[in-house]
Amino acid sequence: MPAALVTGGSRGLGKEIALALIEEGYAVFVNYLSAGQKTSEHWRSAGGFAHLIRADVGDPLQVQMMAEHIEKAAGRLDVVVNNAGITKDALLLKQTEEEWDSIIRTNLKGCFNVIQSMAPLMIKSGGGHIVNISSRSGLRGNSGQAAYSASKAALLGLSRTAAVELAIHNIRVNCVLPGFMMTDMAMTADKAMAGAMRKSILKRLSEPSEVAAMIMSIIRTQNITGQAFSLDSRML
């Protein structure tokens with residue numbers, strides 16, 4: 001059975017991606033840092049196809065231990081979706097060093113840690129796909145999101161470099177920019193949601209299920225790598 005890892009997979013977009021992978025026949029390792037009892041019970045109900053695995057992606061030692069756990073449990077790894085991300089919005093002149101560091105640590109360093117630790121197992125498995133979740137903010141910038149925008153912009157460069165370096169090992173690396181979705185993170189940003197709806201030429205927001213479906217399309221292909229796919233109905 002092919003195996004996949006989804007970081008930040010306990011809820012929101014990550015949950016939709018994990019469910020899509022399970023439906024496709026993958027054994028899915030659902031990474032999380034904090035999840036309530038209800039969330040844990042939900043994933044346990046998925047049976048042998050879902051494996052909860054707690055780790056802080058910003059900590060390279062914990063990520064390496066996660067890779068060892070996956071190798072022991074599944075013996076292979078075919079897909080990685082780097083979805084874990086946080087934001088602590090603040091104007092540039094008011095952003096604290098602690099806030100900046102925590103965002104970069106999770107969103108950028110976390111992705112680096114996961115790729116570096118998981119790629120050797122993917123190589124042993126014959127290759128596969130890495131999908132990194134970036135953001136429109138990484139291309140356009142956004143007021144109050146200096147750290148978040150910087151982290152998501154950097155993911156584009158990291159993804160393209162990883163695509164070049166890992167191609168020899170049959171590993172494809174791509175970025176997806178999902179657009180504004182009604183996830184837990186977005187629910188607290190009323191102004192941002194209203195702005196996204198206003199700027200959308202279709203007057204609608206992105207759906208996590210549609211983003212998950214697009215990711216599934218990407219990992220079914222063999223000749224797409226080093227690309228950034230925007231699933232947003234706002235003009236870039």
Side-chain angles (χ1 to χ4, degrees), residues 1-10 13-33 35 43-44 46-85 105-134 154-155 157-176 212 215-227:
M1 177 182 290
L5 167 67
V6 181
T7 68
S10 65
L13 176 60
K15 178 180 174 181
E16 290 290 340
I17 296 168
L19 289 172
L21 285 161
I22 289 172
E23 187 175 341
E24 192 76 6
Y26 285 81
V28 180
F29 291 85
V30 181
N31 160 256
Y32 71 99
L33 182 57
W43 285 112
R44 289 192 180 95
F49 293 100
H51 308 266
L52 278 173
I53 182 166
R54 187 179 188 278
D56 176 2
V57 297
D59 182 338
L61 180 58
Q62 290 189 40
V63 174
Q64 181 57 42
M65 291 174 64
M66 182 164 61
E68 292 170 2
H69 174 85
I70 293 171
E71 183 168 21
K72 183 177 180 181
R76 63 181 301 113
L77 185 61
D78 305 276
V79 170
V80 171
V81 181
N82 278 303
N83 172 72
R105 180 180 182 276
T106 298
N107 297 4
L108 179 58
K109 183 182 177 183
C111 185
F112 165 78
N113 289 339
V114 170
I115 293 174
Q116 190 174 61
S117 291
M118 301 300 162
L121 180 53
M122 296 181 74
I123 292 170
K124 290 180 184 178
S125 305
H129 296 263
I130 298 173
V131 179
N132 300 321
I133 305 300
S134 185
L155 275 185
L158 173 60
S159 299
R160 287 167 177 154
T161 298
V164 172
E165 293 186 5
L166 296 176
I168 192 173
H169 301 296
N170 196 36
I171 296 176
R172 276 79 65 189
V173 186
N174 293 286
C175 255
V176 167
I215 290 172
M216 294 308 303
S217 295
I218 292 171
I219 66 175
R220 291 189 192 106
T221 68
Q222 300 301 314
N223 194 44
I224 297 177
T225 195
Q227 304 303 312

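- Applying the side-chain hydrogen bond (donor to acceptor under 3.5 Å, both in side chains) criterion to S117, with sequence neighbours excluded, gives Q64.
- Note that the CG atom of L77 and the OH atom of Y26 stand 10.0 Å from one another [nearest 0.5 Å].
- With hydrogens and angles ignored, the 3.5 Å screen pairs a side-chain donor or acceptor of T225 with a backbone N or O of V173.
- Counting heavy atoms of neighbouring residues, nucleotides and ligands inside a 6.0 Å radius, atom CD of E23 does not exceed 12 of them.
- Between D78 and P2, the shortest heavy-atom distance links the atoms OD2-CA, 3.2 Å.
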Inset, instruction - Would you please test N170 and R172 for side chain to side chain donor-acceptor pair (under 3.5 Å) and show each step? - result: CA-CA 6 Å; N170 196 36; R172 276 79 65 189; 2.5 Å; yes
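- When each of V114, V81, I115, L5 is tested with I130 by the rule side chain to side chain contact (heavy atoms under 4.5 Å, CB included), just one qualifies, namely I115.
- Residues A50 and I22 share a closest heavy-atom pair of CB-CD1, 3.9 Å.
- For V30 against A18, the heavy-atom pair with the smallest separation is CG2-CB, 4.2 Å.
- Contacts of N174 classified as side-chain hydrogen bond (donor to acceptor under 3.5 Å, both in side chains), with partners at least two apart in sequence or in another chain: none.
- Of all heavy-atom pairs between A20 and A212, the closest is CB-CB, 4.2 Å.
- Applying the side-chain hydrogen bond (donor to acceptor under 3.5 Å, both in side chains) criterion to R160, with sequence neighbours excluded, gives no partner residue.
- A donor-acceptor pair under 3.5 Å links the side-chain atoms of N31 to the main chain of A55, judged by distance alone.
- Among the candidates V63, I171, N113, the single residue satisfying the side chain to side chain contact (heavy atoms under 4.5 Å, CB included) test with M118 is V63.
- Using the six-membered ring where Trp is involved, F29 and H69 have ring planes that are perpendicular, over 60° apart on the 30 and 60° scheme.
- A donor-acceptor pair under 3.5 Å is absent between the side-chain atoms of T161 and the main chain of L158, judged by distance alone.
- In this structure a side-chain-to-backbone donor-acceptor pair under 3.5 Å is missing from H129 to R220.
- A distance of 6.0 Å separates CG of D59 from CZ of R105, quoted to the nearest 0.5 Å.
- In this structure a side-chain-to-backbone donor-acceptor pair under 3.5 Å is present from T7 to N83.
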Inset, instruction - Report the C-alpha separation of V131 and I219 in whole Å, then their side-chain angles, then the decisive distance to 0.1 Å, and conclude whether the side-chain contact (heavy atoms from CB on, under 4.5 Å) test is met. - result: CA-CA 8 Å; V131 179; I219 66 175; 4.0 Å; yes
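- Smallest separation of non-hydrogen atoms from L21 and A4: CD1-CB, 3.9 Å.
- Heavy atoms only, all atoms of each residue included: S159 and N132 are closest at OG-ND2, 2.8 Å.
- Of the possible donor and acceptor atoms, one in the side chain of R54 sits under 3.5 Å from a partner among the backbone N and O of L33.
- A 4.5 Å side-chain heavy-atom check between I215 and E16 finds every atom pair outside the cut-off.
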Inset, instruction - Using the side-chain contact (heavy atoms from CB on, under 4.5 Å) rule, take V57 and Q62 through it: C-alpha gap first, then chi angles, then the decisive distance, then the call. - result: CA-CA 7 Å; V57 297; Q62 290 189 40; over 6 Å; no
